[in-house]
Amino acid sequence: MREREWYMLAAVVAFCAAGIGVLRWRDTALTPPVDSLTISTLSHPDFHVDGTLSGDAADLIVSNDPFRLTNAPALVRYDPKSESSVPTAAVAAPPVRPVMTLKAIVGGPPWQAIVDGLPGQPPGTIVRAGNAFDKLVARAVTRDSVVIQGPDTTWVLSFRRRE
């Protein structure tokens with residue numbers, strides 16, 4: 001197709017779309033004007049001095065409690081005193097973080113290290129890559145550092161720089 005034919009086709013499509021739009025707009029039902037809408041006057045709730053309205057509202061709230069699916073009272077009575085106190089038998093003390101010190105690196109590849117402070121081990125324990133000490137594992141030993149991994153912490157032990 002040539003350029004002129006494309007323009008003619010686009011004009012025909014636009015004309016058809018406009019015609020369909022006019023037909024749909026003409027057949028649409030009119031909405032009533034805003035002035036004809038009636039707004040009901042506010043009614044005052046019936047308040048009784050004896051509290052029957054608030055009692056009815058409380059009963060409605062209790063019967064539709066969204067936080068308790070059974071709509072029944074809890075089996076255990078709430079006691080704020082027991083919430084603030086911590087039972088000693090149920091709570092374990094947090095684990096003590098070991099303070100480990102790199103004393104020396106020995107050998108050549110594969111490297112070995114002398115480390116103080118490993119839990120359950122004497123001072124000067126020789127560590128190789130892959131050794132396990134309780135819950136700690138020596139992941140890597142390089143010429144200047146040792147990587148020791150625990151369940152939730154990784155330590156990189158290295159020598160202090162002389163200043």
Side-chain angles (χ1 to χ4, degrees), residues 1-78 80 82-84 86 90-92 94-100 102 105 107-113 115 118 127-161 163:
M1 293 179 108
R2 290 177 296 204
E3 187 177 353
R4 181 182 169 132
E5 291 173 350
W6 280 108
Y7 283 124
M8 291 297 286
L9 179 63
V12 169
V13 169
F15 181 73
C16 290
I20 291 171
V22 167
L23 290 174
R24 290 190 62 183
W25 175 67
R26 200 179 69 180
D27 294 340
T28 303
L30 295 175
T31 57
V34 175
D35 296 339
S36 67
L37 293 176
T38 58
I39 299 174
S40 62
T41 60
L42 293 175
S43 61
H44 296 288
D46 187 17
F47 289 111
H48 299 285
V49 178
D50 61 354
T52 58
L53 184 61
S54 62
D56 294 342
D59 292 339
L60 179 65
I61 291 171
V62 169
S63 66
N64 295 318
D65 186 4
F67 302 106
R68 194 174 309 280
L69 295 177
T70 59
N71 288 332
L75 299 175
V76 179
R77 183 178 176 89
Y78 174 71
S82 67
E83 187 173 304
S84 62
V86 179
V91 177
V96 177
R97 303 271 183 205
V99 178
M100 295 175 282
L102 178 61
I105 301 282
W111 302 97
Q112 299 174 2
V115 178
L118 288 169
V127 176
R128 295 175 188 87
N131 285 10
F133 304 98
D134 193 24
K135 294 182 180 180
L136 303 177
V137 177
R139 291 292 174 199
V141 179
T142 63
R143 65 182 180 155
D144 58 355
S145 66
V146 178
V147 178
I148 297 180
Q149 183 177 10
D152 61 350
T153 307
T154 301
W155 290 271
V156 179
L157 306 177
S158 60
F159 295 112
R160 290 187 178 174
R161 299 240 182 239
E163 297 179 18

- Message: Holding to side chain to side chain donor-acceptor pair (under 3.5 Å), I want the full list of residues that pass it with R128, two or more places apart in sequence or in another chain.
- Response: none

- Query: Looking only at heavy atoms, which two atoms of M100 and L157 are closest? And how far apart?
  - Reply: O-CD2, 3.8 Å

- Any idea which heavy atoms bring A138 and V127 closest together, and the distance? CB-CG1, 3.4 Å

- Item | Counterpart residues, salt bridge (Lys or Arg N to Asp or Glu O under 4.0 Å), relative to R77 (two or more places apart) | none

- Item | salt bridge (Lys or Arg N to Asp or Glu O under 4.0 Å) contacts in which one or both residues fall within residues 142-157, not counting sequence neighbours | R97-D152

- Message: Are R24 and I20 packed together at the side-chain level, in the sense that at least one heavy-atom pair is separated by less than 4.5 angstrom?
- Response: yes

- Under 4.5 Å between any side-chain heavy atoms of L136 and W155, yes or no? yes

- Query: Sequence neighbours excluded, which residues qualify as side chain to side chain contact (heavy atoms under 4.5 Å, CB included) partners of V137?
  - Reply: A132, R139

- Task: Could you pull out all residues at least two apart from S145 that satisfy side chain to side chain contact (heavy atoms under 4.5 Å, CB included)?
- Result: T142, V156, S158

- Is there a side chain to side chain contact (heavy atoms under 4.5 Å, CB included) between D134 and L118 once you walk through the steps? CA-CA 9 Å; D134 193 24; L118 288 169; over 6 Å; no

